[in-house]
Amino acid sequence: AVVSTQSTGRMSFNALVVVGDKKGKVGYAIAKASEVPAAIKKAIQQAQKNVISIPLVKGDTIPHPITGKAGSGQVFLKNAPEGTGVIAGSAARSVLELVGVKNIYSKVPGSKTP
C-alpha cells in the first residue's frame with residue numbers, strides 16, 4: 001500500500017493487486033481508499049473483473065518470446081524447456097506464478113539507478 005496526502009491533509013492508500021488461477025488466467029488492478037484493508041478489497045474486486053487469458057503450451061511455458069513495454073519500462077519473456085523453472089525477479093516471478101507458468105526466462109533490461 002502506498003500512502004498519499006491530499007492538499008486538505010487527508011491520507012489515502014493505494015493498493016496494487018494481482019489475482020490468478022495458475023491455469024493461464026490473470027488480472028490486476030490499482031485501487032485507492034482511506035484505509036488499507038478497504039483499498040485491498042476494492043483492488044481485488046476490480047482485478048477479478050479485469051482477468052485476461054495467457055496461452056500456455058507444453059511444459060507450462062509461453063508459446064514464443066515476447067517483449068512487453070509500458071512507459072519507459074520493458075520486460076522480456078522467453079519460453080524455456082521443461083525443468084528450467086521460473087528465472088525472474090521477485091515482481092515478475094509473483095505474476096508469472098499466478099499465471100501458472102512453470103518454465104520461463106525473464107529479463108528487465110536497463111539501469112535501475114538514476
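As the structure is a computational prediction, the values presented were derived from the model and not from experiment. Numbering starts at 1 and runs along the sequence shown.
In summary, of the residues considered (T61, T67, L96), a side-chain contact (heavy atoms from CB on, under 4.5 Å) with L77 occurs for L96 alone.
A chain of hydrophobic side-chain contacts below 4.5 Å, direct or via other Ile, Leu, Val, Met, Phe, Trp or Tyr residues, connects V95 to Y28. Under the 4.5 Å side-chain contact rule for hydrophobic residues, V17 and V36 share a cluster. Both V75 and L56 sit in one connected hydrophobic cluster of ILVMFWY residues. Membership requires side-chain heavy atoms under 4.5 Å apart, directly or through other members. Under the 4.5 Å side-chain heavy-atom criterion for ILVMFWY residues, no single connected hydrophobic cluster contains both V57 and V99. V18 and I30 fall within a single hydrophobic cluster, where Ile, Leu, Val, Met, Phe, Trp and Tyr side chains are chained together by heavy-atom contacts under 4.5 Å.
A47 approaches A29 most closely through the heavy-atom pair N-CB, 3.4 Å. In this structure, F13 and A39 approach most closely via the heavy-atom pair O-CB, 3.6 Å. Of all heavy-atom pairs spanning S94 and S90, the tightest one is OG-O, 3.0 Å. In terms of heavy-atom proximity, S12 sits nearest to K32 at OG-CD, 3.7 Å. The shortest non-hydrogen separation linking A43 to A31 is N-CB, 3.5 Å.
We find the CD1-CG distance between I40 and L16 to be 10.5 Å, quoted to the nearest 0.5 Å. Rounding to the nearest 0.5 angstrom, the gap separating the CG atom in L98 from the NZ atom in K22 is 6.5 Å. Here the straight-line distance linking atom CE of M11 with atom CD of E35 works out to 10.0 Å at 0.5 Å rounding.
T84 places no side-chain N or O within donor-acceptor distance of the main-chain N or O of N103, the cut-off being under 3.5 Å. Using a distance-only test at 3.5 Å, with no hydrogens or angles considered, no donor-acceptor pair links the side chain of K23 to the main chain of G100.
Between N79 and I104 there is no side-chain heavy-atom pair separated by less than 4.5 Å.
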### Message
Under the criterion side chain to side chain contact (heavy atoms under 4.5 Å, CB included), I'd like the reasoning laid out for F76 against K78: C-alpha separation, chi angles, the key distance, then a yes or no.
### Response
CA-CA 7 Å; F76 174 71; K78 181 181 177 189; 3.8 Å; yes
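Annotation: Q48, atom CD; neighbour count of heavy atoms from other residues, nucleotides and ligands within 6.0 Å is above 12.
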